[in-house]
Amino acid sequence: MFNDSKDSNIILQGVLLTGIKNITFDSSVNERAVKLLNNQGIKRKISSPQKTTCSFSKPYNGKDFIQTLTGVTNLSGQFIYKNDAIDFTDAVISNYGFNLNEDGFAEVNVTLQIFGDTKPTTNLKLLNSIDDFPIINKTPDITHFDLGGTNSAIKRLNYQASFNPKSSTNIGSINSSNVDFVSPTNHKISADIEMLEQEVEDVTGFGDNS
């Protein structure tokens with residue numbers, strides 16, 4: 001796990017992301033056991049290519065470059081910590097979400113699944129990268145939430161989009177191939193609002209008129 005120090009950076013599609021923090025990695029390998037003849041022992045074999053999952057967060061400023069990459073396959077880039085880096089290829093965004101609090105500050109949370117290579121390198125790409133949107137002190141306010149023609153003041157807003165990427169494997173290859181999304185995007189929104197224009201509706205018939 002990387003912390004939110006200035007030594008931690010992520011370059012994604014040639015853009016140096018700003019304000020990155022809470023970077024975590026998880027690498028999974030699927031194995032199966034094969035019993036050898038004549039009780040010679042048990043041999044383990046990797047049954048599918050390795051997949052690496054990276055999660056991180058960053059401030060949301062009303063404009064977010066990462067949002068434009070949702071639903072896109074074959075992403076590539078570089079994870080950087082101090083003078084070392086990891087190059088990666090064939091990545092997709094599997095989860096994208098942000099939360100907005102009542103003070104107007106918001107944070108983006110991203111999960112990146114890497115189906116391709118992850119290789120260590122000391123050849124940093126900082127000088128050749130493009131700058132991300134700058135961090136500002138406050139996210140532009142979302143003051144009202146329109147639901148059914150009724151406006152309510154926003155106290156807190158959470159949004160999340162979930163994608164389901166899958167890959168296929170060529171015979172004899174140790175890498176994934178043909179990464180694609182196998183189901184529609186799942187969107188989820190929750191909000192805490194102030195009741196301003198709403199009226200209480202008695203749907204049971206047992207309410208007290210007063």
Side-chain angles (χ1 to χ4, degrees), residues 1-4 6-30 46 48-99 106-135 159-170 173-188:
M1 176 175 177
F2 294 166
N3 56 28
D4 54 350
K6 62 180 181 180
D7 297 319
S8 303
N9 295 282
I10 297 180
I11 296 175
L12 187 60
Q13 292 297 91
V15 175
L16 176 62
L17 304 180
T18 56
I20 293 297
K21 60 181 180 179
N22 302 325
I23 308 174
T24 61
F25 290 91
D26 178 39
S27 186
S28 61
V29 177
N30 293 324
I46 296 176
S48 64
Q50 178 174 311
K51 180 177 67 175
T52 301
T53 301
C54 172
S55 299
F56 60 89
S57 58
K58 68 187 297 287
Y60 178 77
N61 297 327
K63 294 182 178 180
D64 182 42
F65 167 72
I66 301 177
Q67 191 176 28
T68 66
L69 302 180
T70 54
V72 179
T73 60
N74 301 322
L75 302 177
S76 62
Q78 188 176 71
F79 300 110
I80 302 173
Y81 183 68
K82 293 185 177 181
N83 296 320
D84 298 310
I86 298 175
D87 288 328
F88 64 90
T89 60
D90 298 317
V92 297
I93 295 172
S94 58
N95 283 279
Y96 176 89
F98 70 86
N99 58 81
E107 185 176 72
V108 171
N109 297 286
V110 180
T111 301
L112 197 68
Q113 290 191 4
I114 304 170
F115 293 88
D117 293 326
T118 53
K119 296 180 179 180
T121 181
T122 56
N123 182 21
L124 307 185
K125 300 179 180 179
L126 292 172
L127 296 179
N128 297 325
S129 61
I130 302 172
D131 290 335
D132 192 4
F133 293 111
I135 298 176
Y159 167 80
Q160 183 173 354
S162 299
F163 307 85
N164 188 16
K166 295 291 183 181
S167 67
S168 58
T169 307
N170 295 326
S173 175
I174 62 174
N175 294 324
S176 300
S177 61
N178 301 322
V179 181
D180 206 351
F181 299 98
V182 297
S183 62
T185 305
N186 182 20
H187 300 273
K188 181 180 179 180

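All values below come from the heavy atoms of this structure, side chains included, with hydrogens, waters and symmetry mates left out. Just so we're clear, the structure is a prediction, and the values are computed from it rather than from any experiment.
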Of the non-hydrogen atoms in L17 and K58, which two are nearest, and what is the gap between them? CB-CE, 4.4 Å
Who pairs with N95 by side chain to side chain contact (heavy atoms under 4.5 Å, CB included), at least two apart in sequence or on another chain? T111, Q160, S162
Between Y81 and S8, what is the shortest heavy-atom contact and its length? CD1-OG, 3.4 Å
Do you know which two heavy atoms are closest between V92 and T73, and how far apart they sit? CG1-CA, 3.6 Å
Out of curiosity, K166 NZ to F115 CZ, how far, rounded to the nearest 0.5 Å? 8.0 Å
State which residues pass salt bridge (Lys or Arg N to Asp or Glu O under 4.0 Å) with K125; sequence neighbours excluded, sorted by chain then number. D87
Test D131 against V15 for side chain to side chain contact (heavy atoms under 4.5 Å, CB included), laying out the working first. CA-CA 6 Å; D131 290 335; V15 175; over 6 Å; no
For a side chain to side chain contact (heavy atoms under 4.5 Å, CB included) check, start with the C-alpha distance between L126 and I80, then their side-chain angles and the critical distance, and finish with the verdict. CA-CA 9 Å; L126 292 172; I80 302 173; 3.6 Å; yes
Taking atom CD1 of I11 and atom CG of N128, what is their separation to the nearest 0.5 Å? 8.5 Å
Check whether Q78 reaches the backbone of N123 with its side chain - one donor and one acceptor, N or O, closer than 3.5 Å. yes
Heavy-atom nearest pair, F181 first then V72, reads CE1-N, 4.0 Å
With F79, the side chain to side chain contact (heavy atoms under 4.5 Å, CB included) member among L12, I114, T118: I114
For the backbone of D117 and the side chain of T89, can you confirm whether one donor and one acceptor N or O come within less than 3.5 Å of each other? yes
Do the side chains of L75 and L69 get nearer than 4.5 Å, heavy atoms only? yes
How about V108 and Y159: do any of their side-chain heavy atoms sit closer than 4.5 Å? no
Value for CG (N9) from CD1 (I23), rounded to nearest 0.5 Å, stands at 8.0 Å
Does any part of the side chain of I130, heavy atoms only, come nearer than 4.5 Å to the side chain of L16, both counted from C-beta? no
Contact check, side chains of S55 and F25, non-hydrogen atoms, under 4.5 Å: no
When rounded to the nearest 0.5 Å, the distance separating CD1 of I10 from CG of D132 is 11.0 Å
Looking at side-chain heavy atoms only, is the closest gap between F163 and T70 below 4.5 Å? yes
Do N164 and T185 have side chains that get closer than 4.5 Å, going by heavy atoms? no
I'd like to check F65 versus Q13 (side-chain heavy atoms, cut-off strictly below 4.5 Å). Are they in contact? yes
Gap between atom OG1 of T122 and atom NZ of K82 - 0.5 Å precision: 16.0 Å
Is a donor from one side chain sitting under 3.5 angstrom from an acceptor on the other, for D64 and Y96? yes
Side chain to side chain, F133 and K63, heavy atoms closer than 4.5 Å: yes
Please check this pair: side chain of E107 against backbone of F98, looking for a donor-acceptor N/O pair closer than 3.5 Å. no
